[in-house]
2 protein chains.
Amino acid sequence: MATTMQQRMLDAMLPSDLAVPPERWQQQKSTRTRLRLVEAAIDCLVEQGYAGLTTQQVAERTGSSRGAMHHHFATRMDLAAAVVEHVFYQRMRSFLDDYLRSVTGAKDTSLLAVGAAAHWRSLQTREYAAYIELSVAARTDPELDKVFAPAAQRYDEVWISEMIESFPQWEARWNTFKLVNDFVNAAHTGLLLNRPVVGEARVAQVLKLVTRVVDMLHAETLLDPAMAE
Amino acid sequence: MATTMQQRMLDAMLPSDLAVPPERWQQQKSTRTRLRLVEAAIDCLVEQGYAGLTTQQVAERTGSSRGAMHHHFATRMDLAAAVVEHVFYQRMRSFLDDYLRSVTGAKDTSLLAVGAAAHWRSLQTREYAAYIELSVAARTDPELDKVFAPAAQRYDEVWISEMIESFPQWEARWNTFKLVNDFVNAAHTGLLLNRPVVGEARVAQVLKLVTRVVDMLHAETLLDPAMAE
DNA sequence: ATGAAAACAGGCACTGTTGCCGGTTTCTTT
DNA sequence: AAAGAAACCGGCAACAGTGCCTGTTTTCAT
């Protein structure tokens, strides 16, 4: 079931570029440099922010020319769009890798805590740093938002539908399960943003609290806000 | 006590510019256009992000020339620094205004919930939107970070020290109180960031849960993670 | 009132970035 | 093998943004 779930989710998030494995050498070369460009773009994003995602920087990092770059991505926004797809795909991939590796042999009662821990680790990746940059930039850049918002929406929907299929034991308390997801996601996201200010020690404290809350929601110790009224 | 606290915190966060009320008309004029420039810069920040915070945009918005702009802020970073100070000050100000207004007549047991609600509202301001932009930009812009990080640190310290003085009844469980602060802050921050994707309904659900957790920490229903080992 | 100083205006040179285009090399097809 | 296509290269004009600099007007001190 595990690998099935992973495959389904990854397929749903797969950028169209990589959908079909290339056969011709030319296409292979093409997708390879395409990927190199996107990876370089992510580096730019992480190191210098969305404003630092410049065509010549990216071209320079890959070693290729700006002309090649233009061949694959006509405009800067085309590149950004590809980066968006790639980042969402990798985000789900890295979480699933971690979660499915962690979950082997874990008891059902602690699945949520394991998931929360894996989720927190998935935010420590350079892909997520790039995601943050894109997410914030999309708020003030309508062009980017036109690409980003649908991808984010799709990511959210795929996540939810897969959770429904993969955790049928939660069916009776599905609202609570969704709430846990949103809660952990929000808390971890905010924690990551505030980390530079509050420091590691306080981050660890809050993380423990979040996990505790998750466990209590699982044990129904906390009244279910989704049920209450 | 309330107004005393407000005054102390605001004084501690006050940008040096506004520390002494101007007497000369020239200084009055100066600080006035200075403020107009900073406000225009915030508008730029909110509408177009940190990359859109350009000297000519700001000058154009205020109606004055780029020369005038250069007179007050020699470089773009000088303006950004002033914006940072202003934003932190306003952030604390708007929270205190809201909190002290809400707290009148509230029972002691619900003070935390009232504070959490006020905190959430204080994130819905355009100043906080500007703060987000600066916060994220500072991660990849060392120059900006050199200004931003100390300000953020100072904000955090002022906040903590004032909480210590203003809520002596929490002295015995001070670690828990600090944890509540960090927890609410993280959850609300993350919630704000994820709002465009998850939508208002789910945001409201998580908000309810956060408040519930705060209440339980107050009632010692949740084991204190700060105490546990 | 008058010189000094501060607030303000507008222009100039410089840099970096974008989109595009003509030309070259490498691969594919037939 | 030869034509055609796809990958790749380097340069061009256009433009926006920054910092600085020279003036001009307004306010202050004496």
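Throughout, a chain's letter reflects where its sequence line sits, starting with A, and its residues are numbered from 1.
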In terms of ring plane angle, is the pair B/Phe95 and B/Trp159 parallel, tilted or perpendicular, where the classes change at 30° and 60°? tilted

In whole Å, I'd like the distance from the CE atom of A/Met69 to the C1' atom of C/dC21. 17 Å

Please tell me which of the listed nucleotides, C/dT18, D/dA7, D/dT18, lies nearest to the side chain of A/Lys29? D/dA7

Hey, does the side chain of A/Ser65 reach the backbone of A/Ala68 with a donor-acceptor pair shorter than 3.5 angstrom? yes

Nearest to the side chain of B/His72 - D/dA7, D/dC20, C/dC8? C/dC8

Please find out if less than 6.0 Å separates the ring center of A/Tyr155 from that of A/Tyr89. no

Taking only side-chain N and O atoms of A/Thr54, does any of them lie within less than 4.0 angstrom of OP1 or OP2 on C/dT18? yes

Nearest to the side chain of B/Gln56, heavy atoms from C-beta on, is which of C/dT17, D/dA7, D/dA16? D/dA16

Residue-phosphate contact under 4.0 Å: B/Ser30 side-chain N/O, C/dA7 OP1/OP2: yes

Below 4.0 angstrom, which residues in residues 38-49 of chain A have at least one non-hydrogen atom near DNA chain D? none

At 10 degrees resolution, what angle do the end axes of the helix from C/dA1-D/dT30 to C/dT30-D/dA1 form when each is taken over five base pairs? 10°

Out of C/dA6, C/dT17, D/dC9, which nucleotide sits closest to the side chain of A/Ala68? D/dC9

Among C/dA6, C/dT18, D/dC8, find the nucleotide with the atom closest to the side chain of A/Thr55. C/dT18

Can you check whether B/Ser64 has a side-chain N or O nearer than 4.0 Å to OP1 or OP2 of C/dC8? no

Grab the CD-P distance between A/Gln28 and C/dT26 for me, whole Å please. 18 Å

Crowded around A/Glu47 CD? As in, over 12 foreign heavy atoms under 6.0 Å? yes

Rounded to whole Å, how long is the line connecting atom CZ of B/Arg32 with atom P of C/dA6? 18 Å

Could you check whether the side chain of B/Arg66 and the base of D/dG17 have a donor-acceptor pair of N or O atoms closer than 3.5 Å, going by distance alone? no

Show your working on side-chain hydrogen bond (donor to acceptor under 3.5 Å, both in side chains) between A/Arg76 and A/Thr54 and close with a plain yes or no. CA-CA 7 Å; A/Arg76 178 186 126 110; A/Thr54 152; over 6 Å; no

Would A/Arg91 count as a cation-pi partner of A/Tyr131, with NZ or CZ less than 6.0 Å from the six-membered ring centre and within 45° of the ring normal? yes

Hey, is the side chain of A/Thr33 poking within less than 4.0 Å of OP1 or OP2 on D/dA7, counting only N and O atoms? no

Closest nucleotide among D/dG19, D/dA7, C/dT17 to the B/His70 side chain: D/dG19

Is there a donor-acceptor pair under 3.5 Å between the side chain of B/Asp78 and the backbone N or O of B/Thr75? yes

Check the distance between C/dA7's P and B/Phe73's CZ and give it to me in whole angstrom. 12 Å

Side-chain donor-acceptor contact under 3.5 Å, A/Ser94 with A/Asp98: no

Cut-off 3.5 Å, side chains only: do B/Thr55 and B/Arg66 have a donor facing an acceptor? yes

Nearest heavy atom decides the nucleotide; on that basis, is B/Ser65 or A/Gln57 closer to the 5' end of DNA chain C? B/Ser65

Within the structure provided, determine whether A/Tyr128 and A/Val46 are in side-chain contact (heavy-atom separation under 4.5 Å). no

Among the nucleotides C/dG10, C/dA7, D/dT18, which one has an atom lying closest to any side-chain atom of B/Arg76? D/dT18

Take atom NE2 of A/His71 and atom P of C/dC21, then tell me their distance rounded to the nearest Å. 15 Å

What is the distance, to the nearest angstrom, from the CZ atom on A/Arg34 to the P atom on D/dC8? 11 Å

Atom CE of B/Met77 to atom C1' of D/dC20: distance rounded to whole Å? 18 Å

Using a cut-off of 6.0 Å, state whether more than 12 heavy atoms not belonging to B/Glu39 lie near its atom CD. yes

d(CG, B/Asp78; P, D/dT18) in whole Å: 13 Å

